[in-house]
Amino acid sequence: MCVYFRPLVRFDGPRPAEALDLAGGPGWFSHAVRLSRDSAPQTVSVDEIPDDWRARLSTPRPPMAGLVFDHPRVMGILNVTPDSFSDGGVHQTASRAVQRAHEMANAGADIIDIGGESTRPGAFTVPHEAEIARVEPVITALSREITTPISIDTRKSSVAEAAVRAGAALVNDVSGFTFDPMLARYCRDHGLPVCVMHARGDPETMQSDPRYDDVLLDVYDFLAAQVAMLVETGIPRSRILVDPGIGFGKRIEHNLTILQNIALFHGIGCAVLVGASRKRFIGTISGAETPAERTFGSVAVAQAVAAQGVQVVRVHDVSETVQALAVWRAISQGTYP
């Protein structure tokens, strides 16, 4: 029987002597929830967690792409597309995209994620030539003008190659390295950190009645398997982020289950990224009809996952998220600039 352990993360005191650091960061845990497909969840003490799980949960996550994981980091979203669900067309020209990137950097973004292919539900695949034409001039300009690291949001090795040549420092693949078999090898050969995300199906079909045996454990197993594949390919675990893919082939109940239990994914032994910004489930819960009206709900999600030790949040609303997380840290940890 396969068992899993979700740490019950805390940041306050007093801290018991037997507690372990969570991923080498400011959070800690002395208990975890034991999960399996065959039995009810059970709370266990830290000394009941197997050694391999203890090691993966507590080992510090090394810096990557300029990110140091001593507190939650903010990844700003920059879609250079005509049809992304929230800001499609707004930053479609290079000049507007560069301006927006400067705004996010000035607002405190720790990294800026640039994408030239919409992955909203129902979106079609974009030819790699068009995707390169959208992102390459933006990355080229930004790499000369700002020091904030840049990641490229793509499924294609040819796009990643052009973006890295222009100045990108991390490859973020929403297909979880299942779309282009050359992409993992390219990242390995160039020593690039990567983000591997879970999605059920492709953007065109992913919201067509998604089903799971156990969404939390199914997503965990997929990501753990993909990380193992990447490590076998030659990309060290220390250069891998994992993203459970909120909204990608998941209904609202799936999203909520994953977010409630997001600390489980620390057990893969990688830094964890969550991208839930402005997504439809926030509007369903809150009544905010348009993506632009979902800022407050998006910030609430960012705070909720930060409280479970997530290292990176991917957001549209950088200034609001940075401010909220700074106040949350001050309250929960007693630290402030």
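Everything quoted here is computed from the prediction, not taken from an experiment.
- Note that the CG atom of D153 and the CG atom of N79 stand 7.0 Å from one another [nearest 0.5 Å].
- The closest side-chain heavy-atom distance from I235 to M229 is not below 4.5 Å.
- Side-chain atoms of T290 and E293 form a donor-acceptor pair, as typed in the model, at a separation below 3.5 Å.
- Side-chain N or O atoms of R237 include one that pairs as donor or acceptor with a backbone N or O of I268 at under 3.5 Å.
- Under a hydrophobic-cluster definition in which Ile, Leu, Val, Met, Phe, Trp and Tyr are linked whenever side-chain heavy atoms come within less than 4.5 Å, directly or via other members, V227 and I262 are assigned to the same cluster.
- Neither side chain, Y220 nor D214, offers a donor N or O lying under 3.5 Å from an acceptor on the other.
- Of all heavy-atom pairs spanning P72 and L325, the tightest one is CB-CD1, 4.1 Å.
- The heavy-atom pair separating S58 from L20 by the smallest distance is CB-CB, 4.3 Å.
- Taking the ring centroids of H198 and F248, they lie at or beyond the 6.0 Å cut-off.
- Residue Q323 places its CD atom among 12 or fewer non-hydrogen atoms of other residues, nucleotides or ligands, all under 6.0 Å distant.
- Judged by distance alone, with hydrogens and angles left aside, the side-chain atoms of R6 form no donor-acceptor pair with the main-chain N or O of V33 at under 3.5 Å.
- Rounding to the nearest 0.5 Å places OG1 of T81 at 12.0 Å from CD1 of I114.
- R200 places a side-chain N or O within 3.5 Å of a backbone atom of R211 that can act as its donor or acceptor partner.
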Task: Criterion salt bridge (Lys or Arg N to Asp or Glu O under 4.0 Å) on E117 and K156, from CA distance to verdict - done: CA-CA 10 Å; E117 177 183 54; K156 306 181 185 80; 3.0 Å; yes
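- Criterion: ILVMFWY side-chain heavy atoms under 4.5 Å apart, direct or through other members. Under it, V242 and F5 are part of a common hydrophobic cluster.
- Residues passing the salt bridge (charged side-chain N to carboxylate O under 4.0 Å, His left out) test with D110 are R73, sequence neighbours excluded.
- In summary, D70 and R61 do not engage in a salt bridge, as defined by a charged side-chain N under 4.0 Å from a carboxylate O.
- Summarising the geometry of A97 relative to L78, their closest heavy-atom pair is O-CD2, 3.5 Å, with the distance given to 0.1 Å.
- The only option from I258, L259, D243, V315 that meets the side chain to side chain contact (heavy atoms under 4.5 Å, CB included) definition with V274 turns out to be L259.
- With hydrogens and angles left out, the side-chain atoms of T295 and S298 include no donor and acceptor closer than 3.5 Å.
- Using a cutoff of 4.0 Å between basic side-chain nitrogens and carboxylate oxygens, D113 and R314 are scored as salt-bridged.
- When atom types are taken as modelled, the side chain of S39 and the backbone of L35 share no donor-acceptor pair closer than 3.5 angstrom.
- Crowding of E253 atom CD: a count of heavy atoms from other residues, nucleotides or ligands under 6.0 Å exceeding 12.
- Clustering of Ile, Leu, Val, Met, Phe, Trp and Tyr side chains at separations under 4.5 Å leaves F179 isolated, with no partner residue.
- Between S277 and H316, the side chains place a donor N or O and an acceptor N or O closer than 3.5 Å (distance only, hydrogens not considered).
- Results of the side chain to side chain donor-acceptor pair (under 3.5 Å) test with T154 over E161, E131, H128 single out E131 as the only residue that passes.
- For the pair P244/F265, a side-chain contact is recorded, criterion being any heavy-atom separation below 4.5 Å from C-beta on.
- Formation of a donor-acceptor pair under 3.5 Å by the Q311 side chain with backbone atoms of V272 is found in this model.
- For the residue pair A32 and I49, the shortest heavy atom distance occurs at CB-CD1, 3.7 Å.
- Side-chain contact check for N172 and S151: no donor-acceptor pair (N or O, by modelled atom type) lies under 3.5 Å.
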Quiz: residues 181-195 side-chain donor-acceptor pairs under 3.5 angstrom, not counting sequence neighbours:
{"unit_1": "R185", "atom_1": "NE", "unit_2": "P181", "atom_2": "O", "d": "3.4"}
{"unit_1": "R185", "atom_1": "NH2", "unit_2": "P181", "atom_2": "O", "d": "3.2"}
{"unit_1": "R188", "atom_1": "NH1", "unit_2": "T233", "atom_2": "O", "d": "3.2"}
{"unit_1": "H190", "atom_1": "ND1", "unit_2": "Y186", "atom_2": "O", "d": "3.0"}

Open item on the list: Applying side-chain contact (heavy atoms from CB on, under 4.5 Å) to L216 and Q260, what does each step give before you reach the verdict?
Closed with: CA-CA 10 Å; L216 182 66; Q260 288 169 343; over 6 Å; no
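- The backbone N or O of L264 lies less than 3.5 Å from no partner atom in the side chain of N261, so there is not a single donor-acceptor pair.
- Sorted by first then second residue, the salt bridge (Lys or Arg N to Asp or Glu O under 4.0 Å) pairs that include residues 320-337, not counting sequence neighbours, number zero.
- Here the straight-line distance linking atom CZ of F222 with atom OH of Y212 works out to 10.0 Å at 0.5 Å rounding.
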Task: side chain to side chain donor-acceptor pair (under 3.5 Å) between S175 and D173, worked out - done: CA-CA 5 Å; S175 81; D173 181 2; 2.8 Å; yes
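- Using a 4.5 Å cut-off between side-chain heavy atoms of Ile, Leu, Val, Met, Phe, Trp and Tyr, with links allowed through other members, V98 and V135 fall into the same hydrophobic cluster.
- In this structure, the separation between CD1 on I112 and CE on M75 is 10.0 Å, given to the nearest 0.5 Å.
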Which atom pairs, one a donor and one an acceptor, fall under 3.5 Å between side chains of residues 142-149 and the rest of the protein, sequence neighbours left out?
{"unit_1": "S143", "atom_1": "OG", "unit_2": "I139", "atom_2": "O", "d": "3.2"}
{"unit_1": "S143", "atom_1": "OG", "unit_2": "T140", "atom_2": "O", "d": "2.9"}
{"unit_1": "S143", "atom_1": "OG", "unit_2": "A166", "atom_2": "O", "d": "3.0"}
{"unit_1": "E145", "atom_1": "OE1", "unit_2": "H102", "atom_2": "NE2", "d": "2.7"}

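- V318 and G76 get closest at one heavy-atom pair: CG2-CA, 3.8 Å.
- Cluster membership check: V138 shares its hydrophobic cluster with I152, using side-chain heavy-atom separations under 4.5 Å among Ile, Leu, Val, Met, Phe, Trp and Tyr.
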TODO: Show your reasoning for whether side-chain contact (heavy atoms from CB on, under 4.5 Å) applies to I240 and V231.
DONE: CA-CA 9 Å; I240 302 173; V231 170; 4.2 Å; yes
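- Looking at Q42, its side chain never comes within 3.5 Å of a backbone N or O of R34 through a donor-acceptor pair.
- For the pair H31/V46, no side-chain contact is recorded, criterion being any heavy-atom separation below 4.5 Å from C-beta on.
- Between A276 and V301 the shortest heavy-atom distance is CB-CG1, 3.7 Å.
- Considering CZ of R10 and CD of Q333, their distance stands at 13.0 Å, rounded to 0.5 Å.
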Open item on the list: side-chain contact (heavy atoms from CB on, under 4.5 Å) for M64 and L241? Distances and angles first, verdict last.
Closed with: CA-CA 9 Å; M64 67 171 74; L241 283 157; 3.8 Å; yes
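- Between the side chain of W28 and the main chain of G13, no donor-acceptor pair closer than 3.5 Å is present.
- Counting non-hydrogen atoms of neighbouring residues, nucleotides and ligands closer than 6.0 angstrom, the CD atom of E18 exceeds 12 such neighbours.
- Both I246 and I285 belong to a common hydrophobic cluster when Ile, Leu, Val, Met, Phe, Trp and Tyr are linked at side-chain heavy-atom distances under 4.5 angstrom.
- Other cluster members for I331: V327, joined by side-chain heavy-atom distances under 4.5 Å among Ile, Leu, Val, Met, Phe, Trp and Tyr.
- In this structure, CD on Q226 lies 9.0 Å from CZ on F177, to the nearest 0.5 angstrom.
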Task: Derivation of the side-chain contact (heavy atoms from CB on, under 4.5 Å) call for F296 and D317 - done: CA-CA 9 Å; F296 301 117; D317 304 294; over 6 Å; no
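- Defined by atom type and a distance below 3.5 Å, a donor-acceptor pair is present between the side-chain atoms of S45 and D47.
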